[in-house]
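The next block holds one structure in the form of structure tokens; read it before the comments.
In what follows, every chain begins at residue 1, and chains take the letters A, B, ... in the order their sequences are listed.
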Amino acid sequence: MELLSFFYQQPELVIKLLGEHLLLTFVAVGISAAIALPFAILITRVPWLTFLVMGAANLSQTIPSLAILGLCIPLLGIGFKPAIVALVLRAMLPIVINTYVGISEIDPAVIEAGRGMGMRSWQILTAVELPLALPVIMAGLRNATVICISVATLAALIGAGGLGELIFRGVAMVDQPMLMAGAIPTALLAILADVLIGRLELTLTPQGMRQ
Amino acid sequence: MLDYIFAHPNEILELTRQHLQITAVAVILSILIGVPLGILVARTRSLQPAILGTASLLYTIPSLALFAFLIPFLGLGDKSTILALILYSQLTIIRNTVVGIQGVSPGIIESATGMGMTRAQILTKVQLPLAVPLIMAGVRTVTVMDIGIATIAAFIGAGGLGVLIYNGIARLYPEMIVAGALPVAVLALLADFILHRVEDFLRPRGLKAVR
Amino acid sequence: MIEFQNVTKSYGGGVVVLDGLNFKVNEGELVVLIGPSGCGKTTALKLINRLAEPTGGRVLVDGQDVAKQDPVELRRRIGYVIQQIGLFPHMTVGENVALVPRLKNWSEKKRRERARDLLDLVGLPAATYEKRYPRELSGGQQQRVGVARALAADPSIVLMDEPFGAVDPITRRQLQFEMRKIQSAVRKTIVFVTHDIAEAFLLGDRIGLMRSGRLLQLATPEEVLRQPADDFVKEFVGGDNPWRKLDFLRVRDVAQPLNGDTTNALQAAPRIADSTLLKDALTRMSGEHAELFAVVDEAGNPTGSLSLMSVMELIGELASEDSSSTPAH
């Protein structure tokens, strides 16, 4: 119980940092989705782009998140903005990949049937491809959200706030209650996001495709 | 951009060695724990939700928070880092082992049973060899992931290339961040490449692609 | 009506898929295109609804060059059924069938009624099946929905690309029987692609044999058997055998026994002696447009029934038996 003392000593600080954490996450996921979705749809239409994008995406995975954050500093300074850029760079990948896979794994016969029946390509996209890919796209968004919550803890290092601040300060000051006040809400937040978006994923799965 | 690397080759080599050591120990222990757990889960389906559920919960927790949780028990340094990496890796290794074993076609199992093989023999002579490529794919994923996450561990005093990234951020010294990030990326790509080869090499000959 | 005028299709690198196709499919006629894989039959089909474009020549639908029409509008006037079916898994059976009417902005009520009628027509009572999802149906049932969907906007033309190729043999035969029934009810202009010679004999008003992008012969099943255009056609339909066997087989050899029950249809059917040669029975059937005969013995007592289907089925089986035993060329 000793470990939890920070929570009732400084609840308003924990809540403020939690708020910052959520803001970082939501803004980053929102921007990522807005860029990644159209982009992913584009690469399902242009095969040579797919190859290029997937290669670049895999390469980008090898750069540590910490380094991406750090390297945003010389370009954008410290604070909220560079942190958002770094988070967006990390969060786009799962959305792009899942959207791409979700659409390209649709049975080609379904698409051909649609074309053969006289659906226009935007009708096929909106009435067939997107609804069928929706569960997979949502799984990508879930992934992106969990990743953002995780990388946002590191954002404290470049002055963007968030719950990571308590973890870093807790380590530096050898203050375990402070450490826990950062770690526990972060972990719960990630788990909660995972579960809630997972639920949403199920509700959005078209009825005919539920197991 | 690369000035720091050329000015401090010995420091970088030493940090790379530390980084590799942490990752290697973590990956080897992850295999030793994860593969038996995977076999257990594959054969005892009632355990599947509990074990896979726990592993995926651990996987969801942000890395910085997971490190923080272990500090009160194992203190700062290698031990916490390695345990955190092991906990992280379990989901991927267990899942790939289970899928590899359960993916062996029922016809093959039935004919092995019909030939008078015991359950243990079927496991060691049929299922595991056929599952090796998938298990190795899991090991590869985990290794690349661990190399990245180990950078974060520098803040709990575990050493490795993350030290340069942290210090680079603290001193607003981009060359130093690059000096940490670039070797990490190279290590990750190299590990991916080498483990791909190992995967091909360990693939049972009958399953190799005909060239 | 569909007309191919000197149609060619080739891909870069000089691969010729279609080599000067000239033929007409008349209003209300079911033409089966058949031939070994790679003969160009599916490509020919796709030229009609512009899922593929010809390199040379013209394809006319109701006298109009399809190249001059909006492909989307064209396709909405032509039903299309493919082997992989391609039902939309996220839509109910009813929604799948009502899709083209929806694209054509029919009223909700009208398209729902249409979907229900069609489901009944293909043997899937709407009350039971309308609200189900495709994955809850068997392969054969799914293809029935596929056929209903193609007929939904009442197109005058339907294209079918090996529609029954992926279902088991018993279901396939059932679907073929249904298909005949449906066609005699709706009388669409149908181009039907298959590699199953028995299916071709069962369904085709005329059969078009294709090889290497050319149409070797387009004629009634009987003509194809009696006067094959060349040796390839002859071998494809089983060499001399099917026709020669029809010379020896008599009606009593293939007639269905009565089993005590006599249906009304059978009582109204023309009579045929059980000693008649099958070949002559076939000639009578096509001459009289009769699909069913009541078989009688020498004393004139009814002993069984003979359907056109069973004769065509037999010919198809004889043909496919035989062509599979002749060495490939």
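Of all non-hydrogen atoms in A/Thr153 and B/Pro62, the two that sit nearest each other are CG2-CB, 4.5 Å. Closest approach of A/Leu71 to B/Pro174, counting heavy atoms only: CD2-O, 4.2 Å. Residues A/Ile73 and B/Leu172 come closest through the heavy atom pair CG2-CD2, 3.5 Å. Shown here for B/Leu64 and A/Gly164, the closest heavy-atom pair between the two residues is CD2-CA, 4.4 Å. In this structure, A/Pro64 and B/Val184 approach most closely via the heavy-atom pair CG-CG1, 3.3 Å.
Ranked by heavy-atom pairs under 4.5 Å with chain A, the list B/Gly148, B/Gly180, B/Ala181, B/Ala68 is led by B/Ala68. Comparing B/Ile152, B/Asp192, B/Val144 by how many heavy-atom pairs each has under 4.5 Å with chain A, the most go to B/Ile152.
Rounding to the nearest 0.5 Å places CZ of B/Phe69 at 5.5 Å from CD1 of A/Ile184. Put simply, CZ on B/Phe155 and CG on A/Leu157 are 9.0 Å apart, with the number rounded to the nearest 0.5 Å. Of the inter-residue distances, the one linking A/Ile158 atom CD1 with B/Ile169 atom CD1 reads 7.5 Å to the nearest 0.5 angstrom. In this structure, CG in B/Leu57 is found 8.5 Å from CG in A/Asp194, a value given to the nearest 0.5 Å.
Looking at B/Ile165, only its side chain comes within 4.5 Å of chain A, counting heavy atoms on both sides. For B/Leu164, no part sits under 4.5 Å from any heavy atom of chain A, backbone or side chain.
No more than 12 heavy atoms of other residues, nucleotides or ligands lie within 6.0 Å of CD in B/Glu110, so this atom counts as exposed by the packing criterion.
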_Could you go through A/Ile191 and B/Ile61, starting from their C-alpha distance and side-chain angles, then the distance that decides it, and tell me whether this counts as side-chain contact (heavy atoms from CB on, under 4.5 Å)?_
CA-CA 7 Å; A/Ile191 292 165; B/Ile61 297 176; 4.3 Å; yes
